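Nothing here was measured: the structure is a model prediction, and the numbers come from that model. A note on names: the letters A, B, ... follow the listed sequences, proteins ahead of strands, and every chain is numbered from 1.
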Amino acid sequence: MAIAAGVGLGIAAPGSAVSAGAPIKIGAITSLTGPAAFTDWSDGAAALFKRINASGGINGHPVQWTDYDDGGNPTQASDLARKLVGQGIVAFVASLSLDDCAVNRQYYQQVGIVSIDIGSDFTCFDTPNMDPVNSGPLIDPELQMIYAAKVLHKTKICVMAYAVPGEAEDVTTAIKGFEQVTGLKPTLTITGFSLTGDQTPAVLKFRNAGCQAVSVSADLNHGVPFVKDVAAQGISEKKMQVIFGLATYSPAFIKAVGAAGNGVLMGLEFGAFDTPGDQQMLADFKNDGLPDSADTVTGWTAAYAFAHVVAGIKGPITRASVTHAFKTLTPFNVPTMGTPFTFGSASAHTPNTASFWVKLVNGKFVDQSKSFFVLPANGVR
Amino acid sequence: MLQAAIAGLADSGGAYAALAVCLVLLLRTTGVLNFAAAATGTFGTYVMSVIYTSGVPYGVAAAVGVLVGTALSVAFGLALTRWFFDSSPAHRTTVTIALLIGTIAVALRIFGDFPRLMPNLVNGNAVRIASVDISNTDVVGLIFAFVITAGVTQTLRRTEIGLRLRAISQGPVASELLALPVRSLSVGIWALAGAVSTVALLVITPDRSTEIADLSLLVVPAMAAALLASFRRYWVAVVGGLALGAAEGLLSYVQSLSDYQAVIPFVVIVLLLLYFERKETWGDVR
């Protein structure tokens with residue numbers, strides 16, 4: 001498996017080569033501290049680059065990846081982008097920042113550099129030089145609602161979003177896609193719900209409205225009390241199916257919800273950990289001492305996409321040649337993703353438009369299918 | 001709407017009321033407005049969760065959590081009575097803000113920022129009112145708030161210790177000159193506040209986000225409730241806590257107002273301050 005994956009990336013088997021070429025310098029801007037700290041997301045990229053370098057690099061060139069913390073500060077994000085470009089990086093890989101996309105997207109166009117990133121807000125999904133590997137806050141709820149209608153055959157579908165900047169707008173757009181694809185309208189939409197309060201009133205509203213399925217844009221900390229509040233009101237999965245995204249796909253969630261989590265569905269932006277496509281990644285995590293975390297998958301996936309493209313470059317690896325390779329890219333499959341990785345000359349990129357479905361049953365995530373559920377062509381991207 | 005108000009009152013009201021009583025008691029007896037009141041309880045609750053998830057029975061884990069919350073509060077009390085006894089009330093209050101921020105930072109370092117298993121104090125539902133299931137934990141929380149308030153008010157009114165505490169609240173320096181054990185009694189009050197705060201957090205955490213900062217800032221609605229009682233009348237503080245819980249539930253039910261749910265305590269605080277200061281002239285206020 002390691003050798004096969006290595007060939008795919010243009011790298012040799014572990015220990016079979018020494019990277020002698022000039023290093024490929026790449027960078028990342030991550031909000032490792034600050035108001036919303038993304039502490040382990042980019043670790044996956046480090047794990048893959050570690051294996052690549054141990055195996056002789058990409059076509060003989062070791063990868064030199066520098067990850068800077070912007071502290072969730074827009075000024076810092078702007079300064080760091082210029083600092084990294086000044087250091088001669090050829091691309092940004094696995095950035096995940098509160099401000100990088102909004103602050104730097106025009107700068108990346110000006111200097112002709114690409115960013116294979118993890119999108120935190122809509123600006124990451126709306127610019128020619130940035131390509132997030134995650135499906136993001138728009139596609140996620142859209143896929144969840146459409147899955148509830150098309151696969152679960154629910155007709156009364158509801159949506160909940162929290163008081164997070166941009167989330168209400170994303171959900172509104174997601175609802176348009178849901179309506180286009182299914183011809184249904186959401187039975188009840190709650191947006192801007194308090195992040196700090198008790199969620200029982202929302203649960204009661206969904207129950208009173210007769211919602212058969214509720215798509216909830218919850219992170220770990222808010223998904224846990226939501227599920228417990230649903231269980232406390234005696235609402236079964238058959239009456240109201242709770243649907244979350246990738247953020248709750250974690251052993252910590254299972255522990256924290258206990259029996260109340262039984263029956264919760266999750267649409268994952270990447271394959272479940274027991275799928276064949278994830279096995280090389282999990283080996284990299286193990287090799288680097290990382291836990292199997294849904295967050296970390298995103299960093300690994302961004303790094304994989306970059307390494308795959310760069311491995312195909314003939315001639316010197318420079319910022320111009322890397323950008324050219326991405327702008328003329330033929331879509332290819334990434335093992336962790338359900339749809340091909342794309343870039344090309346489009347003015348905006350959303351390559352990940354599929355979700356892999358698991359259900360929490362008796363403390364274990366159970367795959368609902370062996371394949372991804374892909375956003376229909378008439379959905380909003 | 002009624003359902004949401006009932007849910008809010010049951011889920012949050014008891015904890016807000018108990019925390020509000022702690023705040024009034026501490027301010028009345030030690031002269032400290034304790035911004036770190038909920039943070040100590042949060043710390044104790046996280047300790048409970050760590051111990052519980054390691055396989056220890058809940059009763060033991062909760063007892064250890066309450067002890068840790070109590071010890072932390074005592075440590076804060078010792079620091080304030082030792083180093084800031086003669087400081088102004090504003091100065092002492094500022095110290096508790098520093099303690100709040102410090103406790104959040106240390107707790108994040110120790111426990112991390114992922115959700116913790118926060119089991120119900122008592123499993124199962126107690127009663128169904130207007131189609132809302134009220135859990136046993138919520139009922140325990142409400143009873144706890146009433147019991148602790150009755151205990152505090154009766155102790156202050158009818159016991160020797162209560163008499164001494166009332167004397168201290170009237171004049172700590174004079175009480176010390178009269179050989180009353182002002183500092184040890186103050187530390188005792190800090191211990192009680194720590195224990196009550198931890199129990200309040202044990203009651204409220206199963207129902208909401210377990211983020212350390214969010215839980216530590218539950219002191220804000222408690223302060224609004226305490227202010228409603230002018231930081232004097234314990235039973236009014238209880239009613240205020242219950243009312244704020246109900247109001248939060250109510251506002252979160254109304255879509256157009258749910259964005260402002262978290263703002264309620266601040267609005268209450270500002271309105272009450274404006275009301276209390278209504279007869280002040282500009283020069284006096286300044």
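- Under a cut-off of 6.0 angstrom, the local environment of OH in B:Tyr58 is crowded, with over 12 non-hydrogen atoms contributed by other residues, nucleotides or ligands.
- Ranked by heavy-atom pairs under 4.5 Å with chain B, the list A:Arg207, A:Lys255, A:Gln199 is led by A:Arg207.
- Between A:His222 and B:Glu211, some side-chain heavy-atom pair lies under the 4.5 Å cut-off.
- Per-residue heavy-atom pair counts under 4.5 Å with chain A were compared for B:Ile204, B:Val132, B:Thr205, B:Thr53, and the maximum is reached by B:Val132.
- Of the listed residues (A:Ala260, A:Ala256, A:Ala218), the greatest number of heavy-atom pairs within a distance under 4.5 Å of chain B belongs to A:Ala256.
- Within the model, atoms OG1 of A:Thr200 and CD1 of B:Ile134 stand 8.5 Å from one another, a figure rounded to the nearest 0.5 Å.
- For chain B, the option among A:Val257, A:Val224, A:Leu220 with the highest count of heavy-atom pairs below 4.5 Å is A:Leu220.
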Inset, instruction - Quick one: do A:Asp198 and B:Ser12 satisfy side chain to side chain donor-acceptor pair (under 3.5 Å)? Show the steps, please. - result: CA-CA 7 Å; A:Asp198 172 34; B:Ser12 313; 4.9 Å; no
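- Put simply, of B:Leu218, B:Leu215, B:Asp214, the one with the most heavy-atom pairs under 4.5 Å next to chain A is B:Asp214.
- A:Leu204 and B:Ala7 make their closest contact through CD1-CB, 4.0 Å (heavy atoms, listed as atom of the first residue, atom of the second, distance).
- With a 4.5 Å cut-off on non-hydrogen atoms, B:Pro221 does not touch chain A at all.
- Shortest non-hydrogen contact noted between A:Ala232 and B:Asp133 is O-CB, 3.4 Å.
- Two residues are said to be in side-chain contact when any heavy atoms from C-beta on lie closer than 4.5 Å; A:Gln233 and B:Gln3 fail this criterion.
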